[in-house]
Amino acid sequence: MVETVANPYLDGNFAPIREEIIADTLQVIGELPQDLSGMFVRNGPNPQWPPIDQYHWFDGDGMLHGARINNGKAIYRNNYVQTRRWKTEYEAGKAIGSGLLEPQMDNQGISKNTANTALVWHGGQMLALWEGGAPHAIKVPELETISKYTYDGKLVSAFTAHPKIDPVTGEMMFFGYSFMPPYLQYSIVSAAGELLRTVPIELPTAVMMHDFAITENYTIFMDLPLSFRPERIQRGEPMLMFESDRSSRFGIIPRYGDNSNIRWFDSPPCYVFHTLNAYEQGDEVVLIACRMSSTSVLQSNSNADIPYLYQWRFNLKTGLVREEMLDDMPVEFPRINENLLGRETRYGYVGKMANSSLPLFEGLVKHDFSTGNSQIHDFGQGRYGGEAVFVPRPNAINEDDGWLITFVYDEGSKASELVVVDAQKLTHEPVARVLIPQRVPYGFHGTWVSEEQINRSVGV
Ligand SMILES: [Fe+2]
């Protein structure tokens with residue numbers, strides 16, 4: 001008998017689900033706060049059909065899981081993002097396109113845009129995001145796919161899964177990276193949703209760039225040594241590899257600047273999937289992010305690349321960089337109160353990684369940067385969550401007055417819940433646990449859309 005090694009990302013609660021459902025009158029343990037009104041939506045990979053080649057966790061078709069919360073009640077629904085690839089494979093009744101690990105097999109002309117990574121609400125519109133292509137507009141609260149979204153044809157690059165919205169001006173900054181020059185393009189969308197400008201930023205080589213950061217006046221790009229070099233394929237190596245002999249470069253550019261006024265700062269090699277925030281302080285730009293000393297992103301099941309919260313201080317006067325570890329606890333999926341994005345925050349929220357070769361999150365950590373202390377919310381034995389989105393309480397005065405929301409899966413009972421934790425009482429039991437009548441697979445990023453935003457949505 002041939003021994004088969006199961007792919008852990010197609011197993012357990014990483015395995016896809018098949019049903020798209022709507023469920024109302026959900027059972028709530030505890031109480032959903034009356035002033036928590038809106039919709040939590042989370043994106044993640046959910047392959048529609050069994051993969052035809054080696055499966056990577058990043059390959060699955062995007063599926064949205066939403067919880068509409070109003071008057072202490074919750075309605076759950078889940079829908080695929082209906083991308084071109086999804087529709088083609090739906091009609092074919094099988095997988096056609098290949099994945100990241102064997103991209104040379106993709107000769108069917110099928111767009112690989114899975115739209116599976118993240119969500120953003122901007123300009124009265126929800127967008128499902130994937131860093132290799134254009135966003136998809138999503139109808140809220142229905143979670144139906146409207147269409148690919150190209151800003152009236154002005155979008156000329158891919159679109160990061162992590163755009164940044166300035167909470168004061170409402171502008172949205174995003175970038176797109178590419179294997180071909182220009183390797184990086186930087187764009188700004190007005191608060192009303194008009195793509196205002198796109199400028200190329202020069203890089204020495206193509207790199208995988210997952211996230212970036214903004215401050216009140218600057219945008220920060222991370223040219224980290226996870227490079228794409230097509231010539232590696234001839235040598236039988238993966239095209240994407242971490243180069244441990246190359247520096248990390250952080251580029252700081254005025255928000256409306258271009259390649260001529262970017263300033264680059266070198267620091268030891270590392271990889272960063274996600275930034276927590278950045279801000280200005282005197283002559284310095286401060287960046288906080290989850291840093292790994294290396295990464296083997298496409299070689300699955302490596303647990304060598306453990307992320308820790310780090311801070312970089314870039315001095316714009318002296319050109320010096322100071323890099324400092326903030327905590328020795330493995331953490332990822334950083335979030336803040338986004339009403340303060342680009343400004344100094346007192347708090348940061350991160351997922352606490354379990355001691356596992358899989359990306360399992362056993363709790364939430366609230367960092368207090370003013371004291372250096374942190375508090376932990378433990379999901380409980382055999383229970384794992386994901387990224388927690390911070391939802392500010394309406395009219396809150398204190399930065400941490402709000403809730404942290406995430407889906408949690410119980411490996412014992414094999415059931416999923418939406419968990420709502422009071423961010424000011426982090427170590428307490430959740431204020432509400434909403435029982436979801438089907439399994440919600442582990443996924444990537446979510447967002448919160450307030451009642452006011454839903455009511456003012458452009459509603460295409
Ligand atoms: Fe991400």
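First listed ligand is number 1; within each ligand, the first listed atom is number 1.
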Novice: Would you please indicate yes or no on a ring centroid separation below 6.0 angstrom for Tyr384 and Tyr409?
Specialist: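 So the answer is no for these two rings.
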
Novice: Taking ring-ring contact (aromatic ring centres under 6.0 Å, His included) as the definition, give me every residue that meets it alongside Phe250, ordered by chain and number, with sequence neighbours left out.
Specialist: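 Scan of Phe250 (ring-ring contact (aromatic ring centres under 6.0 Å, His included), adjacent residues dropped) gives Trp312, Phe314.
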
Novice: Using 30° and 60° as the class boundaries, would you call the ring planes of Phe228 and Phe179 parallel, tilted or perpendicular?
Specialist: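 Tilted.
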
Novice: Do the side-chain N and O atoms of Glu19 and Asn78 include a donor-acceptor pair separated by under 3.5 angstrom?
Specialist: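 Checked: Glu19/Asn78 side chains show no N/O donor-acceptor pair below 3.5 Å.
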
Novice: Can you confirm whether Tyr90 is buried at OH, in the sense that more than 12 heavy atoms of other residues, nucleotides or ligands lie under 6.0 Å from that atom?
Specialist: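 Open: at most 12 neighbouring heavy atoms sit under 6.0 Å from OH of Tyr90.
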
Novice: Hey, which protein N/O/S atoms does the Fe ion (ligand 1) have under 2.8 Å?
Specialist: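 Protein N, O or S atoms closer than 2.8 Å to the Fe ion (ligand 1): His162 NE2, His210 NE2, His274 NE2, His445 NE2.
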
Novice: Is the distance from the ring center of Phe40 to that of Phe407 below 6.0 Å?
Specialist: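 Aromatic pair counts; centres sit under 6.0 Å.
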
